[in-house]
Amino acid sequence: MNPIKVIQIGMGPLGQKTVKYLLERENIELVGAVDVNPELIGEDVAKVAGCDPIGVLIQASLDDDICAKADCAILTTVSTMEAITPQILDVVSRGVSVVSTCEELFYPWDESPGLAKAIDSAAKENQVAVVGTGINPGFLMDTLPSFLTAVCQSVESVKVSRYQNAAFRRLPFQKKIGAGQTHEAFAELVTQKRIRHVGLTESVQLIANSLGWKLSRTEDIIQPVIAEEAVASSEISIAAGGIAGVQQLSLI
């Protein structure tokens, strides 16, 4: 088989990890990279990811030359449908398929039907595919439970729980769950939807769809996790009584 030729778009912490994995795969060839950070433009994409240089330099934007080489673009840029849609439309208009880690893209049909339809129509018009994927959402709390319930004759309820120590995660993720915030700032950021498990609602909606359930509503309950003792990661130190993370329940 010929290798799948890929453009990596977004070279933040997640994009850098993605590049490392891409370079390990013999059936994938990295042919381009894009990032808006002026400090990264012109740098070798593999070197930025901590690997040996491969001669592929990071560009400030897509162009027709780089897209002509590619089968697929991997977008590791933003988390919301509103922000990702223009980026996806730009890529698919150039005849390149998209795989994205955007959480809300995983199952956008209920929360963002207009944007989902726009992406779907553009993909069909340009004969390419658009896929939202990841570990969570994308597998652990949605696809896997859907597969497991497929062997059941009837299902009355589904409960999925996820616990993780974010001290080992990248700094943007730690900030996304409110680690180190004051109680006042945490409450305000929850109101702005800047602290939450992005994609949890979409995971619930996919499970419901797979089971044939019609949802009248979904509800997210978001509360801070309080540190019982002082804790620290390589990036953030939190005193006892401070906010160490977020607890989110998504109910139907």
Side-chain angles (χ1 to χ4, degrees), residues 10-18 20 35-37 39 49-50 76-84 100-108 110-112 132-145 157-208 215 217-252:
M11 283 300 297
L14 184 55
Q16 292 175 28
K17 287 186 175 294
T18 301
K20 287 183 179 180
D35 196 281
V36 297
N37 185 348
E39 296 182 359
T76 56
T77 52
V78 291
S79 295
T80 66
M81 281 293 292
E82 183 177 3
I84 199 77
S100 177
T101 57
C102 173
E103 292 92 333
E104 292 185 355
L105 182 64
F106 173 65
Y107 189 84
D110 291 345
E111 293 296 302
S112 305
T133 188
I135 291 296
N136 196 5
F139 182 68
L140 287 177
M141 297 185 74
D142 31 60
T143 303
L144 181 59
S157 66
V158 176
K159 179 179 179 181
V160 183
S161 301
R162 176 198 188 194
Y163 302 88
Q164 71 164 316
N165 183 350
F168 304 100
R169 299 293 299 275
R170 63 194 188 279
L171 180 60
F173 180 86
Q174 293 179 34
K175 291 183 176 180
K176 189 183 292 187
I177 63 168
Q181 294 288 348
T182 65
H183 290 264
E184 294 78 9
F186 185 95
E188 177 62 25
L189 290 170
V190 169
T191 301
Q192 298 174 9
K193 294 186 175 182
R194 292 173 58 189
I195 290 180
R196 60 188 175 117
H197 176 159
V198 183
L200 186 57
T201 298
E202 286 76 9
S203 291
V204 169
Q205 290 165 341
L206 180 132
I207 292 174
L215 303 182
R217 68 183 181 92
T218 62
E219 179 183 3
D220 285 337
I221 301 173
I222 301 176
Q223 299 175 326
V225 174
I226 307 302
E228 297 181 358
E229 57 185 32
V231 294
S233 70
S234 61
E235 305 283 354
I236 298 176
S237 297
I238 302 167
I243 294 177
V246 63
Q247 179 190 63
Q248 181 171 338
L249 301 177
S250 188
L251 309 174
I252 61 173

Verify, without hydrogens or angle tests, whether Q174 (side chain) and R169 (backbone) share a donor-acceptor contact under 3.5 angstrom. yes
Keeping the roles fixed (side chain from T143, backbone from G138), state whether a donor-acceptor pair exists under 3.5 Å. yes
Can you confirm whether R162 is buried at CZ, in the sense that more than 12 heavy atoms of other residues, nucleotides or ligands lie under 6.0 Å from that atom? yes
dist L215:CG -> D110:CG (nearest 0.5 Å) comes out at 7.0 Å
Does a side-chain heavy-atom distance below 4.5 Å link H197 with N136? yes
Counting heavy atoms not belonging to Q192, are there more than 12 under 6.0 Å from its CD? yes
Please name the pair of heavy atoms, one in H183 and one in G241, separated by the smallest distance, quoted to 0.1 Å. NE2-O, 3.5 Å
Nearest 0.5 Å, please: how far is CZ in F139 from CZ in F106? 10.5 Å
V246 side chain reached by F186 side chain, heavy atoms, under 4.5 Å: yes
Test item: S237 side-chain N/O and A232 main-chain N/O as donor-acceptor pair under 3.5 Å: no
Which pair of heavy atoms, one from A244 and one from A179, lies closest together, and at what distance? O-CB, 3.7 Å
Point-to-point distance, once rounded to the nearest 0.5 Å, from OG1 of T201 to CG of L206: 12.5 Å
Can you tell me how far the CD atom of Q223 sits from the CG atom of L249, to the nearest 0.5 Å? 7.0 Å
How many angstroms lie between CG in L105 and OG1 in T80, if you round to the nearest 0.5 Å? 10.5 Å
E104 to V198 - nearest heavy-atom pair and separation: CG-CG1, 3.9 Å
Q247 side-chain N/O to P224 backbone N/O, donor-acceptor pair under 3.5 Å: no
In terms of heavy-atom contacts, S233 and A167 come closest through CB-O, 3.5 Å
Output yes when R196 and E202 qualify as a salt bridge under the 4.0 Å nitrogen-oxygen rule, no when they do not. no
Between the CD1 atom in I226 and the CD1 atom in I238, the distance rounded to the nearest 0.5 Å is 10.0 Å
For P145 and L140, which heavy atoms make the closest approach, and how far apart are they? CD-O, 3.4 Å
Verify the distance criterion only: is there a donor paired with an acceptor across the side chains of S79 and E103 at less than 3.5 Å? yes
Might you point out which heavy atoms bring T182 and I243 nearest each other, and give the distance in Å? O-CD1, 3.7 Å
Are there more than 12 heavy atoms of other residues, nucleotides or ligands under 6.0 Å from atom CD of E39? no
Please check: side-chain N/O of D35 versus main-chain N/O of M11, any donor-acceptor pairing under 3.5 Å? yes
Would you mind reporting whether Y107 and D142 have side-chain heavy atoms less than 4.5 Å apart? no
Are any non-hydrogen side-chain atoms of Q205 and E111 less than 4.5 angstrom apart? yes
Compare all side-chain heavy atoms of L171 with those of I236 and state whether any distance is below 4.5 angstrom. yes
